[in-house]
Amino acid sequence: ADNFRNDALLKQIREDRNYTYEDEVTIAKDTLPDFEAKLKTFYTEHLHTDEEIRLVLDGSGYFDVRDEADKWIRIEVDKNDLIIIPAGIYHRFTLDMKNYIKAKRYFVGEPIWLPYNRPADDMECRKKYLHDQSRLISECAQ
């Protein structure tokens with residue numbers, strides 16, 4: 001995180017995934033307007049039409065994602081962690097007891113930050129995600 005501008009692996013990931021836009025977000029009471037309402041929005045189960053990628057520069061929090069049995073898996077993220085949430089997967093985010101996280105966000109093109117709250121099963125990104133997961137599970141079983 002301290003050297004993200006010069007990190008070769010991060011540069012390669014950005015090139016391979018065609019990320020052309022980036023910004024930085026700090027989620028804390030003193031930096032995020034309407035903090036409590038925003039946290040509630042982040043914690044509401046939703047999906048996106050594009051993948052969500054975060055590099056944690058400081059602080060920590062939790063991403064929850066649904067597994068193939070529709071049960072939650074909690075993923076703790078701390079400084080130096082990089083997480084990529086696939087398009088079409090139901091997820092949510094919350095802070096831990098520190099109530100602080102700072103992260104880089106990467107996008108393909110201009111950022112489109114629209115959460116689609118569950119249920120959104122008829123969306124094309126959701127159908128594609130389920131199809132891809134079914135195929136992967138089938139391949140692993142062989």
Side-chain angles (χ1 to χ4, degrees), residues 1-140:
D2 293 331
N3 190 33
F4 70 88
R5 286 181 183 85
N6 301 314
D7 186 89
L9 179 56
L10 182 58
K11 182 180 182 208
Q12 188 63 51
I13 291 169
R14 289 172 54 212
E15 288 175 6
D16 290 349
R17 296 175 103 79
N18 297 315
Y19 296 134
T20 57
Y21 182 89
E22 63 185 68
D23 68 6
E24 216 169 88
V25 62
T26 301
I27 302 172
K29 280 187 179 188
D30 60 341
T31 62
L32 188 65
D34 206 9
F35 177 77
E36 297 295 333
K38 291 284 189 189
L39 278 184
K40 193 174 185 178
T41 300
F42 298 154
Y43 197 68
T44 301
E45 185 176 5
H46 62 279
L47 57 77
H48 301 287
T49 57
D50 294 320
E51 64 186 14
E52 180 173 332
I53 180 171
R54 302 290 180 267
L55 170 63
V56 181
L57 301 176
D58 197 18
S60 50
Y62 301 103
F63 281 92
D64 298 330
V65 297
R66 293 284 188 176
D67 70 8
E68 66 276 356
D70 209 33
K71 298 199 183 309
W72 286 116
I73 298 172
R74 174 149 283 185
I75 304 164
E76 181 181 19
V77 292
D78 293 299
K79 183 176 180 177
N80 296 316
D81 287 340
L82 176 78
I83 187 168
I84 300 173
I85 306 290
I89 189 173
Y90 286 118
H91 66 283
R92 60 190 183 189
F93 174 80
T94 192
L95 293 171
D96 60 16
M97 296 301 287
K98 297 173 198 164
N99 276 332
Y100 169 74
I101 194 167
K102 181 178 182 180
K104 291 292 288 181
R105 303 186 302 181
Y106 298 95
F107 303 90
V108 175
E110 288 296 313
I112 299 173
W113 190 241
L114 294 174
Y116 296 93
N117 293 344
R118 190 171 191 175
D121 295 326
D122 289 335
M123 293 188 69
E124 195 56 41
C125 65
R126 178 68 180 163
K127 291 176 185 176
K128 180 179 182 328
Y129 171 77
L130 292 173
H131 176 267
D132 292 349
Q133 291 308 302
S134 176
R135 190 188 73 224
L136 283 173
I137 291 169
S138 176
E139 288 174 6
C140 289

Review point. Just by modelled atom types, is the A28 backbone N or O under 3.5 Å from a matching donor or acceptor in the N99 side chain?
Key: no
Practice item. Show your reasoning for whether side-chain contact (heavy atoms from CB on, under 4.5 Å) applies to R105 and R54. Key: CA-CA 5 Å; R105 303 186 302 181; R54 302 290 180 267; 3.4 Å; yes
Check your understanding: Of all heavy-atom pairs between A87 and D50, which one has the smallest distance, and what is that distance?
Key -> CB-C, 3.6 Å
Check your understanding: CZ/R66 to CZ/R118 distance, rounded to the nearest 0.5 angstrom?
Key -> 5.0 Å
Practice item. Anything under 30° is parallel, anything over 60° is perpendicular, the rest tilted; go ahead and classify F93 against F42. Key: perpendicular
Review point. Counting N and O atoms only, with roles assigned by atom type, does the side chain of T26 sit under 3.5 Å from a partner on the main chain of T31, one being a donor and the other an acceptor?
Key: no
Check your understanding: Going through the distances and angles, do V108 and R17 end up as a side-chain contact (heavy atoms from CB on, under 4.5 Å)?
Key -> CA-CA 8 Å; V108 175; R17 296 175 103 79; 5.8 Å; no
Check your understanding: If you round to the nearest 0.5 Å, how far is OG of S138 from CD of Q133?
Key -> 12.5 Å
Review point. Cation-pi between R74 and Y62: NZ/CZ under 6.0 Å from ring centre and within 45° of the ring axis?
Key: yes
Check your understanding: What's the shortest heavy-atom distance between D2 and K79, and which atoms?
Key -> OD1-NZ, 3.0 Å
Review point. T49 versus L114: any side-chain heavy-atom pair under 4.5 Å?
Key: no
**Study point:** Minimum side-chain heavy-atom gap L82-L9 below 4.5 Å
**Key:** no
Practice item. For atom NZ of K102, decide whether the heavy atoms of other residues, nucleotides or ligands shown that lie under 6.0 angstrom number more than 12. Key: no
Review point. Between Y129 and M123, is a side-chain contact (heavy atoms from CB on, under 4.5 Å) present by the stated rule, with each step listed?
Key: CA-CA 10 Å; Y129 171 77; M123 293 188 69; over 6 Å; no
Study note, to complete from the structure: Rounding to 0.5 Å, atoms NZ (K128) and NE2 (H131) come to a distance of 8.5 Å
Review point. Is there a side-chain contact between I73 and F63 (heavy atoms, below 4.5 Å)?
Key: no
Check your understanding: Ignoring hydrogens and geometry, is there a side-chain-to-backbone donor-acceptor pair from H48 to Y116 under 3.5 Å?
Key -> no
Point to revise | Sidechain-backbone polar pair: D34 side chain, K38 backbone, donor-acceptor under 3.5 Å | key: no
Point to revise | Backbone N/O of D78 and side chain of D81: donor-acceptor pair under 3.5 Å | key: yes
Exercise for review: Check whether the side chains of N117 and T44 place a donor and an acceptor atom closer than 3.5 Å, and report yes or no.
Suggested key: no
**Study point:** Euclidean distance, E68 CD relative to I137 CD1, rounded to 0.5 Å
**Key:** 5.0 Å
Check your understanding: Given the rule in the salt bridge (Lys or Arg N to Asp or Glu O under 4.0 Å) test, do E139 and R135 qualify, once you have shown the distances and angles that lead to the verdict?
Key -> CA-CA 6 Å; E139 288 174 6; R135 190 188 73 224; 3.4 Å; yes
Practice item. Check whether any side-chain N or O of R126 sits under 3.5 Å from a backbone N or O of G88 as a donor-acceptor pair, and report yes or no. Key: yes
**Study point:** D58 CG to Y100 OH distance, which is reported to the nearest 0.5 Å
**Key:** 4.0 Å
Check your understanding: So, Y90 and D121: side-chain donor and acceptor under 3.5 Å apart, yes or no?
Key -> yes
**Study point:** Carboxylate-amine/guanidinium proximity below 4.0 Å for E15 and K11
**Key:** yes
Practice item. State, to 0.1 Å, how close L10 and F4 come at their nearest heavy-atom pair, and which atoms those are. Key: CD2-O, 3.7 Å
Check your understanding: If you round to the nearest 0.5 Å, how far is CD1 of I13 from CG of D7?
Key -> 8.0 Å
Point to revise | Closest non-hydrogen atom pair, I83 against I75 | key: CD1-CG2, 3.9 Å
Practice item. Could you give me the CA-CA distance, side-chain angles and deciding distance for T94 and R92, then say whether side-chain contact (heavy atoms from CB on, under 4.5 Å) is met? Key: CA-CA 7 Å; T94 192; R92 60 190 183 189; over 6 Å; no
Check your understanding: Between T20 and G109, which heavy-atom pair has the shortest distance, and what is it?
Key -> OG1-N, 2.8 Å
Review point. Of the non-hydrogen atoms in C125 and L47, which two are nearest, and what is the gap between them?
Key: SG-CD1, 3.7 Å
Check your understanding: Just by modelled atom types, is the H46 backbone N or O under 3.5 Å from a matching donor or acceptor in the H91 side chain?
Key -> yes
